[in-house]
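Shown next, in C-alpha coordinates, is the structure this report addresses.
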Number of protein chains: 2
Amino acid sequence: MGVTVDSDRAEDLLLEHQLCFALSVASRSVVAAYKPVLEGLGLTHPQYLVMLALWEQSPRTVKELGEALAQEPATLSPMLKRLEGAGLVTRERVAGNERALAIELTDAGAALRERALAVPGTMLERLELDREMLQELNVSMRRLIDAAQRAA
Amino acid sequence: MGVTVDSDRAEDLLLEHQLCFALSVASRSVVAAYKPVLEGLGLTHPQYLVMLALWEQSPRTVKELGEALAQEPATLSPMLKRLEGAGLVTRERVAGNERALAIELTDAGAALRERALAVPGTMLERLELDREMLQELNVSMRRLIDAAQRAA
DNA sequence: CACGAATAGTTAGTGCACTAATTGTTAGCG
DNA sequence: CGCTAACAATTAGTGCACTAACTATTCGTG
(Lines give C-alpha, C1' and ligand atoms only; values in the text may rest on other atoms or scores of the structure.)
Protein backbone atom coordinates (compact mmCIF):
# COMPACT_ATOMS: atom_id res chain seq x y z
CA MET A 1 0.00 0.00 0.00
CA GLY A 2 1.27 3.43 -0.96
CA VAL A 3 4.26 1.79 -2.54
CA THR A 4 6.35 3.98 -4.82
CA VAL A 5 8.68 2.34 -7.25
CA ASP A 6 11.11 3.77 -9.73
CA SER A 7 8.99 2.69 -12.63
CA ASP A 8 5.87 4.42 -11.38
CA ARG A 9 5.85 6.69 -14.38
CA ALA A 10 2.12 7.35 -14.41
CA GLU A 11 2.37 9.60 -11.35
CA ASP A 12 5.17 11.44 -13.08
CA LEU A 13 2.70 12.79 -15.61
CA LEU A 14 0.65 14.67 -13.02
CA LEU A 15 0.72 18.36 -13.83
CA GLU A 16 1.41 19.20 -10.21
CA HIS A 17 4.59 17.14 -10.26
CA GLN A 18 6.13 18.93 -13.23
CA LEU A 19 8.97 21.24 -12.39
CA CYS A 20 8.67 22.77 -15.84
CA PHE A 21 5.08 23.72 -15.04
CA ALA A 22 5.86 25.20 -11.64
CA LEU A 23 8.80 27.05 -13.15
CA SER A 24 6.78 28.50 -16.00
CA VAL A 25 3.99 29.61 -13.72
CA ALA A 26 6.46 31.06 -11.21
CA SER A 27 8.20 33.01 -13.93
CA ARG A 28 4.96 34.39 -15.32
CA SER A 29 3.59 35.15 -11.87
CA VAL A 30 6.72 36.95 -10.70
CA VAL A 31 6.89 38.97 -13.91
CA ALA A 32 3.21 39.85 -13.43
CA ALA A 33 3.98 40.98 -9.88
CA TYR A 34 6.65 43.32 -11.25
CA LYS A 35 4.28 44.82 -13.76
CA PRO A 36 2.53 47.44 -11.59
CA VAL A 37 5.89 48.49 -10.14
CA LEU A 38 7.62 48.78 -13.51
CA GLU A 39 4.71 50.65 -15.04
CA GLY A 40 5.82 53.58 -12.93
CA LEU A 41 9.08 53.53 -14.90
CA GLY A 42 7.36 52.95 -18.23
CA LEU A 43 9.13 49.64 -18.71
CA THR A 44 8.04 46.08 -19.43
CA HIS A 45 9.89 43.39 -17.53
CA PRO A 46 12.16 42.35 -20.42
CA GLN A 47 12.94 46.01 -21.01
CA TYR A 48 13.78 46.40 -17.32
CA LEU A 49 16.32 43.59 -17.65
CA VAL A 50 17.91 45.34 -20.63
CA MET A 51 18.15 48.54 -18.65
CA LEU A 52 19.75 46.70 -15.71
CA ALA A 53 22.38 45.38 -18.12
CA LEU A 54 23.03 48.85 -19.51
CA TRP A 55 23.19 50.49 -16.09
CA GLU A 56 26.05 48.12 -15.36
CA GLN A 57 27.84 48.91 -18.59
CA SER A 58 27.07 51.28 -21.44
CA PRO A 59 27.59 51.27 -24.33
CA ARG A 60 27.34 47.62 -25.22
CA THR A 61 26.74 45.95 -28.55
CA VAL A 62 23.61 43.94 -29.29
CA LYS A 63 25.69 40.78 -29.20
CA GLU A 64 27.10 41.61 -25.78
CA LEU A 65 23.65 42.39 -24.44
CA GLY A 66 22.41 39.11 -25.84
CA GLU A 67 25.12 37.24 -23.98
CA ALA A 68 24.46 39.07 -20.72
CA LEU A 69 20.71 38.49 -20.97
CA ALA A 70 20.73 35.04 -22.59
CA GLN A 71 18.65 36.41 -25.42
CA GLU A 72 18.79 36.09 -29.19
CA PRO A 73 19.77 39.20 -31.11
CA ALA A 74 16.52 38.73 -33.04
CA THR A 75 14.61 39.20 -29.78
CA LEU A 76 16.59 42.24 -28.70
CA SER A 77 16.52 44.04 -32.02
CA PRO A 78 12.90 45.21 -31.91
CA MET A 79 13.04 45.72 -28.14
CA LEU A 80 15.98 48.08 -28.47
CA LYS A 81 14.10 50.05 -31.08
CA ARG A 82 11.25 50.48 -28.62
CA LEU A 83 13.69 51.64 -25.94
CA GLU A 84 15.15 54.07 -28.46
CA GLY A 85 11.64 55.28 -29.21
CA ALA A 86 11.14 55.83 -25.48
CA GLY A 87 14.27 57.99 -25.47
CA LEU A 88 16.20 55.74 -23.10
CA VAL A 89 18.95 54.49 -25.42
CA THR A 90 20.68 55.40 -28.66
CA ARG A 91 21.53 52.92 -31.42
CA GLU A 92 24.67 53.78 -33.38
CA ARG A 93 27.10 51.77 -35.43
CA VAL A 94 30.42 51.18 -33.71
CA ALA A 95 33.19 53.33 -35.18
CA GLY A 96 35.70 50.97 -36.72
CA ASN A 97 33.23 48.10 -37.01
CA GLU A 98 30.21 48.96 -39.05
CA ARG A 99 28.69 45.54 -38.36
CA ALA A 100 28.29 46.09 -34.65
CA LEU A 101 25.64 48.33 -33.12
CA ALA A 102 26.46 50.23 -29.95
CA ILE A 103 23.54 50.59 -27.57
CA GLU A 104 24.13 53.48 -25.23
CA LEU A 105 22.11 55.03 -22.43
CA THR A 106 20.77 58.51 -23.02
CA ASP A 107 20.73 60.99 -20.15
CA ALA A 108 17.12 60.03 -19.55
CA GLY A 109 18.06 56.34 -19.60
CA ALA A 110 20.84 56.89 -17.08
CA ALA A 111 18.59 59.05 -14.93
CA LEU A 112 15.91 56.38 -14.79
CA ARG A 113 18.27 54.31 -12.67
CA GLU A 114 17.59 56.54 -9.67
CA ARG A 115 13.94 55.64 -9.75
CA ALA A 116 14.76 51.97 -10.33
CA LEU A 117 16.80 51.77 -7.14
CA ALA A 118 13.64 51.22 -5.16
CA VAL A 119 12.40 48.34 -7.28
CA PRO A 120 14.37 45.39 -5.83
CA GLY A 121 13.47 46.24 -2.26
CA THR A 122 9.82 46.75 -3.14
CA MET A 123 9.71 43.44 -4.93
CA LEU A 124 11.44 41.51 -2.16
CA GLU A 125 8.76 42.76 0.15
CA ARG A 126 5.94 41.98 -2.23
CA LEU A 127 7.27 38.49 -2.84
CA GLU A 128 7.66 37.96 0.90
CA LEU A 129 11.32 37.05 0.51
CA ASP A 130 14.29 37.89 2.67
CA ARG A 131 17.78 38.22 1.28
CA GLU A 132 18.73 34.74 2.37
CA MET A 133 15.89 33.04 0.53
CA LEU A 134 16.64 35.23 -2.47
CA GLN A 135 20.22 34.04 -2.42
CA GLU A 136 19.22 30.39 -2.16
CA LEU A 137 16.69 30.62 -4.95
CA ASN A 138 19.22 32.37 -7.14
CA VAL A 139 21.70 29.57 -6.58
CA SER A 140 19.09 26.92 -7.38
CA MET A 141 18.05 28.73 -10.53
CA ARG A 142 21.63 29.10 -11.67
CA ARG A 143 22.27 25.40 -11.25
CA LEU A 144 19.15 24.60 -13.18
CA ILE A 145 20.10 27.02 -15.95
CA ASP A 146 23.53 25.42 -16.29
CA ALA A 147 22.09 21.92 -16.49
CA ALA A 148 19.36 22.95 -18.92
CA GLN A 149 21.81 24.67 -21.18
CA ARG A 150 24.09 21.68 -21.15
CA ALA A 151 21.10 19.54 -22.09
CA ALA A 152 20.13 21.69 -25.08
CA MET B 1 36.05 46.69 3.98
CA GLY B 2 33.47 44.64 2.17
CA VAL B 3 30.80 46.09 4.37
CA THR B 4 27.21 45.38 3.35
CA VAL B 5 24.43 47.50 4.76
CA ASP B 6 20.70 47.26 4.40
CA SER B 7 20.55 50.42 2.38
CA ASP B 8 23.12 49.25 -0.15
CA ARG B 9 20.57 49.38 -2.91
CA ALA B 10 23.02 49.97 -5.74
CA GLU B 11 24.23 46.35 -5.53
CA ASP B 12 20.62 45.27 -5.65
CA LEU B 13 20.41 46.48 -9.23
CA LEU B 14 23.03 44.06 -10.49
CA LEU B 15 21.51 41.81 -13.09
CA GLU B 16 23.10 38.77 -11.48
CA HIS B 17 21.32 39.48 -8.21
CA GLN B 18 17.84 39.55 -9.71
CA LEU B 19 15.72 36.54 -8.92
CA CYS B 20 13.33 37.59 -11.66
CA PHE B 21 16.17 37.38 -14.16
CA ALA B 22 17.39 33.97 -12.99
CA LEU B 23 13.81 32.73 -12.96
CA SER B 24 13.06 33.94 -16.47
CA VAL B 25 16.25 32.47 -17.87
CA ALA B 26 15.67 29.20 -16.01
CA SER B 27 12.16 28.94 -17.36
CA ARG B 28 13.24 29.63 -20.92
CA SER B 29 16.23 27.30 -20.66
CA VAL B 30 14.22 24.44 -19.22
CA VAL B 31 11.53 24.85 -21.84
CA ALA B 32 14.24 24.87 -24.50
CA ALA B 33 15.64 21.64 -23.05
CA TYR B 34 12.21 20.04 -23.42
CA LYS B 35 11.92 21.09 -27.02
CA PRO B 36 13.86 18.27 -28.71
CA VAL B 37 12.07 15.71 -26.54
CA LEU B 38 8.60 17.10 -27.17
CA GLU B 39 9.23 17.41 -30.88
CA GLY B 40 8.97 13.63 -30.98
CA LEU B 41 5.38 14.03 -29.78
CA GLY B 42 4.65 16.93 -32.10
CA LEU B 43 3.96 19.24 -29.16
CA THR B 44 5.25 22.61 -28.02
CA HIS B 45 5.86 22.98 -24.31
CA PRO B 46 2.64 24.92 -23.56
CA GLN B 47 0.72 22.35 -25.58
CA TYR B 48 2.36 19.58 -23.55
CA LEU B 49 1.06 21.20 -20.36
CA VAL B 50 -2.45 21.31 -21.79
CA MET B 51 -2.22 17.64 -22.68
CA LEU B 52 -1.02 16.78 -19.17
CA ALA B 53 -4.09 18.55 -17.80
CA LEU B 54 -6.37 16.67 -20.15
CA TRP B 55 -4.77 13.31 -19.45
CA GLU B 56 -5.73 13.87 -15.83
CA GLN B 57 -9.29 14.79 -16.71
CA SER B 58 -11.19 15.00 -19.96
CA PRO B 59 -13.39 16.65 -20.99
CA ARG B 60 -12.81 20.00 -19.33
CA THR B 61 -14.04 23.44 -20.26
CA VAL B 62 -11.70 26.19 -21.38
CA LYS B 63 -12.30 27.94 -18.08
CA GLU B 64 -11.37 24.85 -16.07
CA LEU B 65 -8.23 24.34 -18.13
CA GLY B 66 -7.33 27.97 -17.57
CA GLU B 67 -7.62 27.51 -13.83
CA ALA B 68 -5.57 24.31 -13.84
CA LEU B 69 -2.85 25.87 -15.99
CA ALA B 70 -2.96 29.42 -14.61
CA GLN B 71 -3.62 30.70 -18.10
CA GLU B 72 -6.02 33.19 -19.59
CA PRO B 73 -8.80 31.81 -21.76
CA ALA B 74 -7.56 34.20 -24.44
CA THR B 75 -4.23 32.36 -24.45
CA LEU B 76 -5.80 28.91 -24.53
CA SER B 77 -8.34 29.63 -27.22
CA PRO B 78 -5.96 29.64 -30.21
CA MET B 79 -3.80 26.90 -28.67
CA LEU B 80 -6.78 24.60 -28.39
CA LYS B 81 -7.63 25.22 -32.01
CA ARG B 82 -4.12 24.13 -32.93
CA LEU B 83 -4.49 20.98 -30.83
CA GLU B 84 -7.80 20.35 -32.56
CA GLY B 85 -6.06 20.82 -35.90
CA ALA B 86 -3.48 18.25 -34.81
CA GLY B 87 -6.32 15.82 -34.13
CA LEU B 88 -5.59 15.54 -30.40
CA VAL B 89 -8.72 17.17 -28.97
CA THR B 90 -12.28 18.04 -29.93
CA ARG B 91 -13.99 21.34 -29.16
CA GLU B 92 -17.73 21.10 -28.59
CA ARG B 93 -20.24 23.21 -26.76
CA VAL B 94 -21.39 21.74 -23.48
CA ALA B 95 -24.91 20.34 -23.71
CA GLY B 96 -27.08 22.41 -21.42
CA ASN B 97 -24.71 25.35 -21.35
CA GLU B 98 -24.01 26.76 -24.74
CA ARG B 99 -21.55 29.26 -23.31
CA ALA B 100 -19.04 26.67 -22.18
CA LEU B 101 -16.80 24.75 -24.54
CA ALA B 102 -15.88 21.16 -23.69
CA ILE B 103 -12.36 20.21 -24.65
CA GLU B 104 -12.06 16.45 -24.94
CA LEU B 105 -9.25 14.10 -25.88
CA THR B 106 -9.61 12.23 -29.14
CA ASP B 107 -8.41 8.63 -29.32
CA ALA B 108 -5.17 9.93 -30.78
CA GLY B 109 -4.87 12.43 -27.97
CA ALA B 110 -5.43 9.77 -25.33
CA ALA B 111 -3.01 7.42 -27.09
CA LEU B 112 -0.27 10.03 -27.12
CA ARG B 113 -0.07 9.64 -23.35
CA GLU B 114 1.73 6.33 -23.75
CA ARG B 115 4.58 8.00 -25.57
CA ALA B 116 4.60 10.88 -23.07
CA LEU B 117 5.22 8.52 -20.16
CA ALA B 118 8.91 8.56 -20.93
CA VAL B 119 9.22 12.34 -20.95
CA PRO B 120 9.53 13.13 -17.23
CA GLY B 121 12.24 10.53 -16.68
CA THR B 122 14.15 11.66 -19.71
CA MET B 123 13.99 15.25 -18.59
CA LEU B 124 15.03 14.53 -15.01
CA GLU B 125 18.09 12.88 -16.43
CA ARG B 126 18.83 15.68 -18.86
CA LEU B 127 18.42 18.30 -16.16
CA GLU B 128 20.67 16.30 -13.84
CA LEU B 129 18.02 16.23 -11.12
CA ASP B 130 17.02 13.50 -8.75
CA ARG B 131 13.53 13.17 -7.35
CA GLU B 132 14.46 14.83 -4.10
CA MET B 133 15.82 17.96 -5.74
CA LEU B 134 12.78 18.00 -7.98
CA GLN B 135 10.54 17.90 -4.94
CA GLU B 136 12.41 20.72 -3.23
CA LEU B 137 12.39 22.93 -6.27
CA ASN B 138 8.70 22.32 -6.76
CA VAL B 139 8.01 23.39 -3.19
CA SER B 140 10.10 26.54 -3.62
CA MET B 141 8.36 27.41 -6.84
CA ARG B 142 4.94 26.89 -5.34
CA ARG B 143 5.74 29.18 -2.45
CA LEU B 144 6.96 31.81 -4.86
CA ILE B 145 3.87 31.46 -7.02
CA ASP B 146 1.60 31.93 -4.02
CA ALA B 147 3.45 35.03 -2.87
CA ALA B 148 3.60 36.49 -6.38
CA GLN B 149 -0.09 35.95 -6.94
CA ARG B 150 -0.91 37.53 -3.61
CA ALA B 151 1.23 40.51 -4.66
CA ALA B 152 -0.54 41.01 -7.97
C1' DC C 1 44.64 42.30 -53.51
C1' DA C 2 40.62 39.20 -54.01
C1' DC C 3 37.39 36.14 -52.65
C1' DG C 4 35.15 32.94 -49.58
C1' DA C 5 34.05 32.22 -44.70
C1' DA C 6 32.77 34.18 -40.58
C1' DT C 7 30.43 37.76 -38.03
C1' DA C 8 26.61 41.27 -36.49
C1' DG C 9 22.33 42.64 -36.99
C1' DT C 10 17.72 42.68 -39.15
C1' DT C 11 13.54 40.68 -41.14
C1' DA C 12 9.94 37.16 -41.69
C1' DG C 13 7.12 33.85 -39.73
C1' DT C 14 5.12 31.11 -35.85
C1' DG C 15 3.53 30.59 -31.33
C1' DC C 16 2.72 32.36 -26.37
C1' DA C 17 0.91 35.53 -23.07
C1' DC C 18 -1.51 39.36 -21.64
C1' DT C 19 -5.29 43.26 -21.68
C1' DA C 20 -9.35 45.15 -23.47
C1' DA C 21 -13.29 44.92 -26.24
C1' DT C 22 -16.86 41.94 -28.33
C1' DT C 23 -20.31 38.20 -28.99
C1' DG C 24 -23.41 35.14 -27.42
C1' DT C 25 -25.66 32.66 -23.50
C1' DT C 26 -27.55 32.11 -18.97
C1' DA C 27 -29.37 33.51 -14.61
C1' DG C 28 -31.56 36.48 -11.39
C1' DC C 29 -34.80 39.65 -10.10
C1' DG C 30 -38.43 43.05 -10.18
C1' DC D 1 -42.13 37.69 -18.50
C1' DG D 2 -38.54 40.91 -19.59
C1' DC D 3 -34.34 43.12 -18.68
C1' DT D 4 -30.12 43.51 -16.80
C1' DA D 5 -26.02 41.62 -14.89
C1' DA D 6 -22.92 37.97 -14.92
C1' DC D 7 -20.55 34.58 -17.39
C1' DA D 8 -17.73 31.87 -21.19
C1' DA D 9 -15.30 32.15 -25.00
C1' DT D 10 -13.33 34.67 -28.90
C1' DT D 11 -11.09 38.51 -31.31
C1' DA D 12 -7.94 42.42 -31.72
C1' DG D 13 -3.77 44.41 -30.56
C1' DT D 14 0.89 44.62 -28.36
C1' DG D 15 5.07 42.65 -26.98
C1' DC D 16 8.35 38.51 -26.26
C1' DA D 17 10.90 34.63 -27.82
C1' DC D 18 12.62 31.57 -31.06
C1' DT D 19 14.24 29.69 -35.85
C1' DA D 20 15.53 30.48 -40.42
C1' DA D 21 16.68 33.34 -44.06
C1' DC D 22 18.86 37.55 -45.52
C1' DT D 23 22.03 41.84 -45.72
C1' DA D 24 26.01 44.03 -44.93
C1' DT D 25 30.46 44.18 -43.12
C1' DT D 26 35.03 42.25 -41.85
C1' DC D 27 38.60 38.82 -41.67
C1' DG D 28 41.77 35.46 -43.31
C1' DT D 29 44.24 33.22 -46.56
C1' DG D 30 46.05 32.18 -51.05
Side-chain angles (χ1 to χ4, degrees), chain A residues 20-21 23-36 38-39 42-50 59-67 69-86 91-103 148-149 152, chain B residues 20-21 23-36 38-39 42-50 59-67 69-86 91-103 148-149 152:
Chain A
C20 65
F21 173 57
L23 197 54
S24 301
V25 176
S27 178
R28 287 193 285 110
S29 303
V30 167
V31 167
Y34 270 81
K35 198 182 174 201
L38 293 180
E39 262 166 7
L43 295 173
T44 64
H45 187 264
Q47 289 169 2
Y48 172 63
L49 297 181
V50 170
R60 306 174 88 158
T61 66
V62 174
K63 179 183 168 60
E64 287 165 348
L65 277 173
E67 283 161 1
L69 296 165
Q71 286 284 15
E72 297 299 322
T75 300
L76 291 174
S77 195
M79 252 177 76
L80 293 169
K81 286 184 185 171
R82 282 188 281 269
L83 288 175
E84 184 188 36
R91 298 165 58 254
E92 293 201 354
R93 291 290 158 184
V94 172
N97 186 352
E98 288 293 316
R99 283 178 302 189
L101 194 71
I103 308 301
Q149 293 183 347
Chain B
C20 65
F21 173 57
L23 197 55
S24 302
V25 175
S27 178
R28 287 193 284 111
S29 302
V30 167
V31 167
Y34 270 80
K35 198 182 172 199
L38 294 181
E39 263 167 7
L43 295 173
T44 64
H45 187 263
Q47 288 168 3
Y48 172 64
L49 297 181
V50 171
R60 305 174 89 158
T61 65
V62 174
K63 179 183 168 60
E64 287 166 348
L65 277 173
E67 282 161 2
L69 296 164
Q71 287 284 13
E72 298 297 323
T75 299
L76 290 174
S77 196
M79 253 176 75
L80 293 169
K81 286 185 185 171
R82 283 187 282 270
L83 289 175
E84 183 188 38
R91 299 166 58 253
E92 294 200 353
R93 291 290 159 184
V94 173
N97 185 352
E98 288 292 315
R99 283 178 300 189
L101 193 73
I103 308 299
Q149 292 182 348

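Lettering follows sequence order; numbering is per chain, from 1.
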(Q) What's T44(A) touching, base or sugar-phosphate or nothing? Going by heavy atoms closer than 4.0 Å. (A) sugar-phosphate
Q: Please identify each residue that fulfils salt bridge (Lys or Arg N to Asp or Glu O under 4.0 Å) with R93(A), with sequence neighbours left out.
A: none
Q) Would you say the side chain of C20(B) lies within less than 4.5 Å of the side chain of L49(A), judging by non-hydrogen atoms? A) yes
**Q.** E92(B): side-chain contact (heavy atoms from CB on, under 4.5 Å) partners, not counting sequence neighbours
**A.** none
Q) Do T44(B) and V31(B) touch side chain to side chain, with heavy atoms closer than 4.5 Å? A) no
Q: With sequence neighbours excluded, tell me which residues meet salt bridge (Lys or Arg N to Asp or Glu O under 4.0 Å) with E72(A).
A: none
Q. In residues 26-34 of chain A, what residues come within less than 4.0 Å of DNA chain D, judged by heavy atoms?
A. none
Q. Does some side-chain heavy atom of S24(A) sit less than 4.5 Å from a side-chain heavy atom of H45(B)?
A. yes
Q: With sequence neighbours left out, write down each residue that passes side-chain contact (heavy atoms from CB on, under 4.5 Å) with R60(A), or none if nothing qualifies.
A: A53(A), L54(A), Q57(A), E64(A), L65(A), A68(A)
Q. Can you name the salt bridge (Lys or Arg N to Asp or Glu O under 4.0 Å) partners of K63(B), sequence neighbours left out?
A. E67(B)
Q) First contact, last contact: which nucleotides of DNA chain D are these for chain A, 5' to 3', heavy-atom distance under 4.0 Å? A) dG15(D) to dT26(D)
Q | L23(A) side chain reached by L23(B) side chain, heavy atoms, under 4.5 Å | A | yes
(Q) Tell me every residue that passes side chain to side chain donor-acceptor pair (under 3.5 Å) with R91(A), counting only those two or more places apart in sequence or in another chain. (A) E84(A)
Q. Which parts of nucleotides 3-12 of chain C does protein reach within less than 4.0 Å, heavy atoms only, written one letter per nucleotide 5' to 3' as B for base, S for sugar-phosphate only and - for none?
A. ---BBSSBB-
Q) Using the C1' atoms of five pairs at each end, what's the angle between the two axes of the helix from dC1(C)-dG30(D) to dG30(C)-dC1(D), to 10 degrees? A) 0°
Q: Just jot down the side-chain contact (heavy atoms from CB on, under 4.5 Å) partners of P73(B), sequence neighbours excluded, or say none.
A: V62(B)
Q. With sequence neighbours excluded, what pairs up with R99(A) under the side-chain contact (heavy atoms from CB on, under 4.5 Å) test?
A. N97(A)
